[in-house]
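Below is one structure, written out as structure tokens; the observations come after it.
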Amino acid sequence: MKLRDFLIGVATGLAVAVIIKETSEQVAPYKPANKVLENIKNEFKEVAPIDGSWIFMKTEEFSNGVSTIPVYRGGISRVNDGATETFEFAADARTGVVVDLQQV
């Protein structure tokens, strides 16, 4: 096998990988809801053990007065010092960042 043929194969493979990545982001621009929930749960676990959690798999619009973004809504309950704390959140569907958190 010639070096030239090998390099052409590598370049073709890289080009196809980039095209597939870009296409998949256009088809599914949102992070999977279960990944978003896992990341949020990991942050909560640093403070206290998680008792339960949930997330809506469909996005909804969230407005902060300036802009409107698609978010996942969900909630987490944890036991902290013997008392149950329940939180509801809204997480940006594109990045997974929590944009609203309220204790219920």
*Check step by step if salt bridge (charged side-chain N to carboxylate O under 4.0 Å, His left out) holds for K35 and E38.*
CA-CA 5 Å; K35 290 277 191 186; E38 279 300 315; over 6 Å; no
Pairwise distance [atom1]([X]) to [atom2]([Y]) - rounded to 0.5 angstrom:
X	Y	atom1	atom2	result
R78	D51	CZ	CG	11.5 Å
I69	N64	CD1	CG	7.0 Å
L3	I8	CG	CD1	10.0 Å

List the atom of [X], the atom of [Y], and the distance in Å for their closest heavy-atom pair.
X	Y	value
T84	S77	CG2-CB, 4.4 Å
V98	L101	CG1-CB, 4.1 Å
V36	G96	CG2-CA, 4.0 Å
A33	M57	CB-SD, 3.4 Å
R73	W54	O-CZ3, 3.8 Å

Is [Y] close to [X] at the side-chain level, that is, under 4.5 Å between some pair of heavy atoms?
X	Y	result
K31	T95	no
R94	Y30	yes
V18	L14	no
Y72	T59	yes
I40	I76	yes
L37	F89	yes

*Short side-chain to backbone donor-acceptor contact, N39 and N42, under 3.5 Å*: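 Flag not set: sc N39 to bb N42 has no pair under 3.5 Å.
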*Cluster question for you: counting only ILVMFWY and a side-chain heavy-atom cut-off of under 4.5 Å, with indirect links fine, are I55 and F44 together?*
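I55 and F44: one cluster.
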